[in-house]
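Worksheet for the structure shown next.
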Protein chains: 2
Amino acid sequence: MAVVGDGTDRTSGVELPFADPAGRPTLRTVAELAGVHVSTVSRVLNHVGGPGVRPASRTTSERIRRIAERVGYSPNPHATGLRTSRSHLVGVLVPRLVDIVLATIYEGIEEATATYGFSTFVANTGDDPAAQRRRTEMVLARRVDGMIFGDAYVDGGFLDEVAGRGVPFVLVSRRAGAYPSVTCDDVLGGRLAAEHLLSLGHRDLAVIAGEPYASTGIDRTAGFLAACDAAGVGVPDSRVVHSRFDTEGGREAMSRILADGAVPTGVFVVNDFTAIGAMGVLRDAGLVVGRDVAVVGFNDVPLAGSLPVGLTTVRSPMHEMGVRAAHLLMRRLASEEVASERLVPVLVPRASTLGDRRV
Amino acid sequence: MAVVGDGTDRTSGVELPFADPAGRPTLRTVAELAGVHVSTVSRVLNHVGGPGVRPASRTTSERIRRIAERVGYSPNPHATGLRTSRSHLVGVLVPRLVDIVLATIYEGIEEATATYGFSTFVANTGDDPAAQRRRTEMVLARRVDGMIFGDAYVDGGFLDEVAGRGVPFVLVSRRAGAYPSVTCDDVLGGRLAAEHLLSLGHRDLAVIAGEPYASTGIDRTAGFLAACDAAGVGVPDSRVVHSRFDTEGGREAMSRILADGAVPTGVFVVNDFTAIGAMGVLRDAGLVVGRDVAVVGFNDVPLAGSLPVGLTTVRSPMHEMGVRAAHLLMRRLASEEVASERLVPVLVPRASTLGDRRV
DNA sequence: CTGAAAGCGCTTACAG
DNA sequence: CTGAAAGCGCTTACAG
């Protein structure tokens, strides 16, 4: 690929024949310079290699390639897209990009799609159904080849509509209906959190469960409660509270739990930032996290280990989820049959459950 | 704008005449349904309104609009782009999208460009010059109308090359050369940090200054040192150390400062996450932040106020910077003369400098 | 092995 | 007020 300042003709100020309005070389530019027809240039440049038919004679092909390289030719994606009805574009919808979990997933998506020659649009929806519709419409208006939703509602109602439009898509982070998704094995993650707290002797537990429409919170909570149940430890309904996925959501939820009077000895929070908010409230209540109350978060964001009281958490492979979701979409675009993937989480014990026992 | 599931013909399974290969209505679809020529439809749909010439008779215009609405027509951007050589696309380069500062700025850019009917591509460069070239090339291959760089090196060398390519661009967050930029008034921000620490009586100061190629770190440090100088307080060179902009960078830098032996009573860190890393090292050294050592960060990320020891910091208008940068680029695309903008920061005092004095 | 033609879905002067 | 034509930069069967 030609690169900025790599000494191709583009930067030398030479006027190219049959350049586009911006002065960029076109297929025609290369064709004239090579003394062949544009269709020959197109065939040569699009030929992927391999045995069998050749797009042109060896010498012609080499000459064309050399000239294309020299003038810094790159095909006009509007022309290609118009002709082939393939845009090599992917639309990605997330609740919020400032959420490091989603930003990390998106980085994985972006990197992986780039290796296929695809570019991505991202947009925030704030988990608002109206915004989801609006943003989906914007993205479809751009004629993306496919979409990746990181903001699926577990009921999948909106996704049914999108599927009805014929747009291939996959889900990431959250599952919904029977649509192909790449998620963390959230049920397992919840179980790991429970087993950790139970193994430390905690029997008085609470869960800050996230939004009721997100499979992440639902599955993590279900896994946690199932493991508690299997161990014969009950968690009252009043001790399982929904919350937003941010720090403030954790503050609110923990306050509600404390308002009950009794303080649980162990709290599972389905998101690290939510856990940080919860820890703040515990601290403000004069409780020492890791000694008076054990807290387990979810995701293992980079900050978790840098906190004054290191946060015990369930590490989810966020970047990997993005990469895999991108691959899954690419396979869908190639009309392959695809199956959902559940990536394995790992418990990372730190001071918020171990107290002074330094890890 | 037609919306998913809004009851237009698109979702009803009706075959549209002259639809594109994906079954979407084209200009021709609308033209046939309205019984007029495609050029008339184009004129009507692109007419912005206003007095003077009309694109068609009132009744024709209304009929066309009604039909376009009903079939859910949205113009094929590849065709429009090919014809007009305008893509309504913007490329955005950032060091890393998982950095909440950049993610917040990008959200501002995305929102603002969307109001102009533009879409954006973002890509990470990790502040790596080779990646900057590669990503710029990818973005230009998409035929964006303009670019926004959030990862400028202060010397501006690479940007000179980009300018030579004729692509309009603006900078955000970091300034460079004489290129139009939207930044925080970082010099002022540094001064605010210094005045705060000086007013609390601190005379033994240190600075964790960020990367040497980023104007943010450079200007914040310069403003800080200038204010110290004006107050007759010297800061030795050995107490001004460069660092990466993340938590680990703060750990390394603070460790280097402490390795000197003497512990400063006040530390200015040019980035909140770097400050969090620095606070971790201080804590590990048995020092209490806010009592033994005062720490001031920069940006006021949402977490700053939720930390166990609330972080005193200089709030920069991150989202607003993104919005303004987008507007600035739009004006450049309209060939207007534009000037750089410096947005005003505000000091937010918290426990990391005030200790027990609750704010 | 290579050329010529048609056409993707638009916009925009130009006629009438 | 409206139509007809040309053409943006490609790709792809089809000839030869």
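Naming convention: chains lettered A, B, ... in sequence-line order (proteins, then strands); numbering from 1 in each chain.
If you check every strand for non-hydrogen atoms under 4.0 Å, A:Thr60 touches sugar and phosphate atoms only. Residue-level contact check: B:Thr80 touches the backbone only, with heavy atoms under 4.0 Å from sugar-phosphate atoms and none from bases. Within the 4.0 angstrom heavy-atom criterion, only backbone atoms of the sugar-phosphate kind lie near B:Pro21; the bases stay farther away. When heavy atoms are screened at a 4.0 angstrom cut-off, A:Ser42 is found touching base atoms of the nucleic acid. Among the protein residues, A:Thr84 comes within range of the sugar-phosphate backbone only, with heavy atoms under 4.0 Å from sugar or phosphate atoms but none that close to a base.
Relative orientation of the B:Phe149 and B:Phe169 rings is perpendicular, given thresholds of 30° and 60° on the angle between their planes. The aromatic rings of B:His88 and B:Phe118 sit tilted relative to each other, their planes meeting at an angle between 30° and 60°.
Salt bridge A:Arg332/A:Glu337: absent, no basic N to carboxylate O contact under 4.0 Å.
Here A:Tyr153 and A:Phe158 keep their ring centres 6.0 angstrom or further from each other.
No donor-acceptor contact under 3.5 Å links the side chain of A:Arg143 to the base of C:dG9. A donor-acceptor contact under 3.5 angstrom links the side-chain atoms of B:Arg43 to the base of D:dG3.
The distance from atom NE2 of B:His37 to atom P of D:dC1 is 18 Å, rounded to the nearest whole Å. The CZ atom of A:Arg58 sits 19 Å away from the C1' atom of C:dT2 (whole-angstrom rounding). Separating the CD1 atom of A:Ile64 from the C1' atom of C:dG3 is a distance of 12 Å, rounded to the nearest angstrom. Going from atom CG of A:Leu82 over to atom P of C:dG7 covers 14 Å, rounded to whole Å. Taking atom CZ on B:Arg28 and atom P on C:dC10, their separation rounds to 12 Å, with Å as the unit. Distance, B:Arg86 CZ to C:dT12 P: 11 Å, rounded to whole Å. Rounded to an integer number of Å, the gap from CZ of B:Arg24 to C1' of C:dC10 is 15 Å. Rounded to whole Å, the distance from NE2 on B:His47 to C1' on C:dT12 is 15 Å.
No side-chain N or O of A:Thr26 forms a donor-acceptor pair with one of A:Tyr73 less than 3.5 Å apart.
Within the 4.0 Å cut-off from OP1 or OP2 of C:dC8, not a single side-chain nitrogen or oxygen of A:Ser85 is found. For A:Ser39 and C:dG3, the shortest distance from a side-chain N or O to OP1 or OP2 is not below 4.0 Å.
Nearest heavy-atom pair, A:Ser87 versus A:Asp145, reported as atom, atom and distance to 0.1 Å: N-OD1, 2.9 Å.
Taking the nucleotide of DNA chain D with the nearest heavy atom to each of A:Ala79 and B:Gly35, the more 5' of the two is matched to B:Gly35.
Among the nucleotides D:dT2, C:dC10, C:dT2, the one closest to any side-chain atom of A:Ser57 is C:dT2. The side chain of B:Thr26 lies closest to C:dG9 when the candidates are C:dG9, D:dG3, C:dT2.
A 3.5 Å limit on both hydrogen-bonding distances identifies D:dT2 as the Watson-Crick or G-U partner of C:dA15.
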